[in-house]
Amino acid sequence: SSGINAEYGGLSERMKLKMLVSKNNAGKVVAFVKFLMYEEAITAKVEYVDACIKLIETEDLVKQVSVDLVSAVSSFISESPGQQLVALSELFLNLLKTSTVKSGQSFELLGVILASLELGTVGTLSIEGEEFTGAEYKRHFINNLCNARWPGEAVLPLCKMFQDLTEGLGAVTEKICGCLGDVELNSVPQIVYLLLILASKGNHKKVVTGIIEYFNSVEDSSEQLQVVGTCLLHISYAVRHDQASLSLSPSSDVHISGNES
């Protein structure tokens, strides 16, 4: 990092990082991030992760710079102690509150945090006077995440991030279904496809009902009909391949059921 310090003189580390990113110099960005993560104090490290998240979500980065930045920060997160994982997870609640989601790529880092919380090395976590295991805090955090408002740009990245989830699926799938009206119409088929994968682990009837209710609330258009057709193909495929036994109530406008044995 000596060359970087010489080049940018008295600028703060955060500003040096932003200058490197603005030049789309992937190699220097990654080298500098690694230096910051392993040389600075823990509180400063959390601040630098926050800076990286904001750069990913607010700047027009060359894709390789963004990918390498996520990779460098992921390596640091996977080695973080439990209490630091708590602080890092809260950065994403703040990100949603400020609605500064552009690419959504930073949510890959949240996936690393949640996976790291399951490790036996996390130990006991203290949050506002309460004690949690890593797994308990993960469930607590996911509930808080689902209670937060998700900007439309965050729905698809979060849906992708939750694909490895094996518990707490009810709150997650209900949240995603409720957010369908906030996303661009051309993103809906991919979200529906990912929802059906989550539904294969449980809550399948609620998921399909939520999808149908969403389409019943959308104004008819040629684009909407095309999207509906694609989503019905996804649902039909899920049924045929026994991802779930899907059936809707008689009051639904569309009825979908699995193969009868």
Side-chain angles (χ1 to χ4, degrees), residues 92-93 95-104 107 110-111 114 138-261:
F92 289 91
L93 289 176
L95 182 68
L96 292 174
K97 287 177 184 176
T98 55
S99 299
T100 50
V101 179
K102 191 171 185 179
S103 70
F107 288 109
L110 180 56
L114 295 181
K138 178 181 176 180
R139 291 192 291 271
H140 172 77
F141 175 80
I142 289 173
N143 284 335
N144 287 341
L145 189 69
C146 290
N147 287 330
R149 180 189 173 278
W150 294 5
E153 296 83 0
V155 178
L156 180 55
L158 281 167
C159 198
K160 289 178 180 177
M161 190 272 294
F162 277 125
Q163 287 306 294
D164 294 329
L165 193 67
T166 56
E167 57 181 343
L169 290 166
V172 170
T173 53
E174 183 178 351
K175 179 66 175 182
I176 295 170
C177 285
C179 289
L180 284 171
D182 298 324
V183 304
E184 294 290 335
L185 197 56
N186 58 10
S187 296
V188 171
Q190 191 175 0
I191 294 172
V192 166
Y193 176 77
L194 294 171
L195 265 172
L196 289 169
I197 294 175
L198 286 173
S200 69
K201 306 171 189 178
N203 299 292
H204 45 270
K205 192 175 293 186
K206 284 186 178 180
V207 167
V208 178
T209 302
I211 293 168
I212 300 302
E213 287 177 350
Y214 159 70
F215 281 119
N216 288 341
S217 69
V218 178
E219 291 185 10
D220 289 339
S221 68
S222 58
E223 185 183 9
Q224 190 245 13
L225 290 174
Q226 193 173 26
V227 169
V228 170
T230 303
C231 292
L232 287 176
L233 284 175
H234 289 329
I235 295 171
S236 177
Y237 180 86
V239 172
R240 288 199 310 273
H241 288 76
D242 294 325
Q243 285 188 5
S245 175
L246 304 173
S247 60
L248 301 180
S249 65
S251 61
S252 300
D253 289 347
V254 179
H255 184 80
I256 304 170
S257 60
N259 294 328
E260 301 282 345
S261 56

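Counting begins at 1 with the first residue of the sequence.
In this structure, the side chains of Val218 and Val227 stay at 4.5 Å or more apart for every pair of heavy atoms. Using a 4.5 Å heavy-atom cutoff, the side chains of Val188 and Tyr214 are in contact. Side-chain contact between Val208 and Leu196 is present, with heavy atoms from C-beta onward closer than 4.5 Å. Taking the side chain as every heavy atom from C-beta outward, Val183 and Ile191 approach each other to under 4.5 Å.
Closest approach of Pro189 and Cys231 over heavy atoms only: CA-SG, 3.8 Å. Smallest separation of non-hydrogen atoms from Glu223 and Asn186: OE2-N, 4.4 Å. Lys201 approaches Leu165 most closely through the heavy-atom pair NZ-O, 3.0 Å.
Glu167 meets the salt bridge (Lys or Arg N to Asp or Glu O under 4.0 Å) test with Arg139; sequence neighbours excluded. Remark: Phe162 pairs with no residue by the ring-ring contact (aromatic ring centres under 6.0 Å, His included) rule, at least two apart or across chains. Glu213 meets the side-chain contact (heavy atoms from CB on, under 4.5 Å) test with Thr209; sequence neighbours excluded. In this structure, the ring-ring contact (aromatic ring centres under 6.0 Å, His included) partners of Phe92, at least two apart in sequence or on a different chain, are Phe107. For Asn144, the side-chain contact (heavy atoms from CB on, under 4.5 Å) partners at least two apart in sequence or on another chain are Leu93, His140.
Taking CG of Leu169 as the reference point, atom NZ of Lys206 lies at 12.0 Å (rounded to 0.5 Å). Interatomic distance, CG of Leu95 versus CG of Leu110, reported as 9.5 Å (0.5 Å rounding). The CD1 atom of Ile211 sits 12.0 Å away from the CG atom of Asn216 when rounded to the nearest 0.5 Å.
No more than 12 heavy atoms of other residues, nucleotides or ligands sit less than 6.0 Å from atom CD of Gln226.
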Under 3.5 Å, which donor-acceptor pairs link side chains of residues 147-158 to any protein atom two or more places apart or in another chain?
unit_1	atom_1	unit_2	atom_2	d
Asn147	ND2	Asn143	O	3.1
Trp150	NE1	Leu145	O	2.9

Practice prompt. Carefully, step by step, assess Leu194 and Ile176 under the rule side chain to side chain contact (heavy atoms under 4.5 Å, CB included).
Written response: CA-CA 10 Å; Leu194 294 171; Ile176 295 170; over 6 Å; no

